[in-house]
4 protein chains.
Amino acid sequence: MPKIVDHDQYRKELLLKSFDLFAERGYGSITMRQLAQGLGVSTGTLYHYFPSKQALFLQLVEELDRQDLLNFLAEAGNPPTLTERIETMFNFVAKNEDNFCKQVLLWVEFYQQEKAELTKNNAFHSSWDKTTQAIADYLQVPDKAIADFVLNYLYGLLMRGIFETETISYPEQATLLSKILVAYLK
Amino acid sequence: MPKIVDHDQYRKELLLKSFDLFAERGYGSITMRQLAQGLGVSTGTLYHYFPSKQALFLQLVEELDRQDLLNFLAEAGNPPTLTERIETMFNFVAKNEDNFCKQVLLWVEFYQQEKAELTKNNAFHSSWDKTTQAIADYLQVPDKAIADFVLNYLYGLLMRGIFETETISYPEQATLLSKILVAYLK
Amino acid sequence: MPKIVDHDQYRKELLLKSFDLFAERGYGSITMRQLAQGLGVSTGTLYHYFPSKQALFLQLVEELDRQDLLNFLAEAGNPPTLTERIETMFNFVAKNEDNFCKQVLLWVEFYQQEKAELTKNNAFHSSWDKTTQAIADYLQVPDKAIADFVLNYLYGLLMRGIFETETISYPEQATLLSKILVAYLK
Amino acid sequence: MPKIVDHDQYRKELLLKSFDLFAERGYGSITMRQLAQGLGVSTGTLYHYFPSKQALFLQLVEELDRQDLLNFLAEAGNPPTLTERIETMFNFVAKNEDNFCKQVLLWVEFYQQEKAELTKNNAFHSSWDKTTQAIADYLQVPDKAIADFVLNYLYGLLMRGIFETETISYPEQATLLSKILVAYLK
DNA sequence: CATGAATGAGCCTTCATTCAT
DNA sequence: AATGAATGAAGGCTCATTCAT
């Protein structure tokens, strides 16, 4: 069924291209018309591929989550020590900082605007749980609290990037966290 | 003589009462009409006290920021050891978790929606810088990186509280962070 | 009854002062609040003296009409020839051009906005008829058509002052009309 | 393929049909909803064709101005004597008196309401200059003052038609003006 | 008399969504 | 499949007017 493949592939193309548009203006501020224009299609076409703005966004969340994970696993390898694994993670985040930052902002904004209509076991929670789980697996820490701690720190960095005036040096932060954790784990 | 009202005091009352309404539905989703209704006034009255929805929200940010800081300082005291000071901070955050969580969500959502028009005299950056400065003072750490680290961690916790399904035990987290930092500072 | 005199006198003061405010922003665009502010009173006071914006404006029309006529008659005298009388009229108009222009604009705007609610024998028609009658009396022409013609020309000048880019020289125009009429009347 | 409509042609249709609606209630008093309803479309459609109420009106001005001129030239011919040309003009105005009267009222009202924002690239001045120029060409008078005089008189008639209770006989007025001018030009 | 806080209907405009072509 | 014209509910905001003080 080649038609369906095409259809599906095109859908994902649109999805991926739409990320920058969403990021630029925000979920609530960008209009379907602007989205369509930015993608080079008509609003009608947009609605041919996605039933609604909300659904489009939700699919984007899902798609990006998968992509992010795949990208990470593709280049992460399996370093022998926890320190190295943490460093690898930080490098990855540092490299994609801008991307992740945009994602968090967008996810939060969407969550705020739609939480009234979103069921509790929504795509969001499951998606994030999946991600955190994957990361925990990668780090292979005996104590889950450590994985949580690292992730936590990462989220925190992203947030600070938004509100603080000074830009953050991820490599520095990674070094700091490594030192701290190594000291603690001993 | 007009009706007797302390304009400024009433304004702050409205501001404070509006927080829960904003938190409930989000900045973008709540309407001025709903806000007015929730506050028990007419839309006209709302506009009598605030020039616009955006201005109202910005004033809310400022007011809450001040209140939060005052509240904290009022009960923080000045414990002798860093560990205790950190614990005090965590207890405070734990006690007000819900509040802070709502604030962060709201700030982020607003930032997303209005970032196009918020380039410079951004009440946000200055407000957060002020807060972080105050916290750094309180902790009295020689190395600013430590203060940053703690704050960072706090923001991270807040974010995780939003996306993770499991609720977070702040006391546990505080204990963990304390241990980690003590290990590192030695 | 001195109180009433004061009240009435103050009312006329407000009326006269309000003319410039109306002229500056237009009847439809100026708000009662702006009007009050410009007059140095509160909106409540405004409504103490005038039952509504519309009534205020209508009183202004009446008052200005009377003033204009009085002013004219005060300085018009009674020149022996028609030519001189016409010239006197034109000088008067030229001297108060700006004033008259503002009046016409305002009257027209008001008429447009309120014509749906204004009865046919409204203050406007009667007021203008009174004015034209007075002018016809002054000119003492045997043929009413001449008086109409002159008035007509005057209205036309006012209108052109609005729409044409070049400013109009009233003295020149007066001379021209005089020549024309003299030629015709012979 | 979208619904088949000639966007530009439909726009002009809406424009032309909107004139009566504007004329009936005035620029400031009619609402976009009323306009839409009167045109048999939704407000959304109105905004699909015109960016704003003001822009819609400005386009109407331009369009009517062109139409008026075209209509006149189409039936004016080129009579040999000035007297006849003036008469032709007057006949044209007489025939369309109602139309022109409405236009002047509307233009003036709009000018009043928006003059604050209409400082320079004022479609009004240019439009009127164009018209006066065309008329001057048509009359072929050596002395521009004569053309101005005639136009002036016409505007005046229109204004009087608004404020005077008695209706005006255009043919009579035309005869009068002809006589006067002929007397003067000799 | 004077004040200005309060009201709420109503305005212009936007935008997700539908549907004829 | 693709287009973009059409819809209309709903949003932010204004403003003449009222009324408690």
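A note on names: the letters A, B, ... follow the listed sequences, proteins ahead of strands, and every chain is numbered from 1.
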Taking atom [atom1] of [X] and atom [atom2] of [Y], what is their separation to the nearest 0.5 Å?
{"X": "A:Leu39", "Y": "A:Glu13", "atom1": "CG", "atom2": "CD", "result": "10.5 Å"}
{"X": "B:Leu14", "Y": "B:Gln9", "atom1": "CG", "atom2": "CD", "result": "11.0 Å"}
{"X": "D:His48", "Y": "D:Ser42", "atom1": "NE2", "atom2": "OG", "result": "10.0 Å"}

Would you kindly give the [atom1]-to-[atom2] distance between [X] and [N], to the nearest whole Å?
{"X": "B:Leu14", "N": "E:dA6", "atom1": "CG", "atom2": "C1'", "value": "12 Å"}
{"X": "D:Arg25", "N": "E:dC12", "atom1": "CZ", "atom2": "P", "value": "12 Å"}
{"X": "D:His7", "N": "E:dA20", "atom1": "NE2", "atom2": "P", "value": "21 Å"}
{"X": "B:Asp8", "N": "E:dA5", "atom1": "CG", "atom2": "C1'", "value": "15 Å"}
{"X": "A:Leu46", "N": "E:dT17", "atom1": "CG", "atom2": "P", "value": "10 Å"}
{"X": "D:Phe50", "N": "F:dA6", "atom1": "CZ", "atom2": "C1'", "value": "15 Å"}
{"X": "A:Tyr27", "N": "E:dC15", "atom1": "OH", "atom2": "C1'", "value": "12 Å"}
{"X": "D:Leu39", "N": "F:dT7", "atom1": "CG", "atom2": "P", "value": "11 Å"}

Exercise. Ignoring hydrogens and angles, state whether a donor on the side chain of D:Glu63 or D:Gln59 is under 3.5 Å from an acceptor on the partner side chain.
Key: no
Choosing from [options], which nucleotide comes nearest the side chain of [X]?
{"X": "C:Tyr47", "options": "F:dT14, F:dT17, E:dC11", "value": "F:dT17"}
{"X": "D:Lys53", "options": "E:dC15, E:dT13, F:dC15", "value": "E:dT13"}
{"X": "D:Ser52", "options": "F:dG12, F:dA6, E:dT13", "value": "E:dT13"}
{"X": "A:Ser42", "options": "F:dG12, F:dA2, F:dA5", "value": "F:dA2"}
{"X": "A:Arg33", "options": "E:dA6, E:dA16, E:dT13", "value": "E:dA16"}
{"X": "C:Thr45", "options": "E:dT17, E:dT3, E:dC11", "value": "E:dT3"}
{"X": "C:Tyr49", "options": "F:dA16, E:dC15, E:dA2", "value": "E:dA2"}

Describe the nucleic acid contact of [X] in one word from base, sugar-phosphate, nothing, applying a heavy-atom distance below 4.0 Å.
{"X": "D:Thr43", "result": "base"}
{"X": "C:Leu35", "result": "nothing"}
{"X": "B:Met32", "result": "sugar-phosphate"}
{"X": "A:Ile30", "result": "sugar-phosphate"}

Quiz item: Given that B:Thr31 and D:Gly44 both sit by DNA chain F, which one's nearest nucleotide is further toward the 5' end?
Solution: D:Gly44
Exercise. Please work out whether the ring planes of C:Tyr10 and C:Tyr49 are parallel, tilted or perpendicular, with thresholds of 30° and 60°.
Key: perpendicular
Quiz item: In terms of heavy-atom contacts, does CD of D:Gln37 have more than 12 from other residues, nucleotides or ligands at under 6.0 Å?
Solution: no
Quiz item: Quick check: are there more than 12 heavy atoms from other residues, nucleotides or ligands sitting under 6.0 Å from CZ of D:Arg11?
Solution: yes
Quiz item: If each of A:Ser29 and B:Gly40 is mapped to the nucleotide of DNA chain E with the nearest heavy atom, which maps nearer the 5' terminus, i.e. the 5' end?
Solution: B:Gly40
Quiz prompt | Consecutive-pair stems (3 or more, Watson-Crick or G-U, under 3.5 Å) for DNA chain E | solution = E:2-21 with F:2-21
Quiz item: Can you check whether D:Phe57 and D:Trp107 have ring centres sitting under 6.0 Å from each other?
Solution: yes
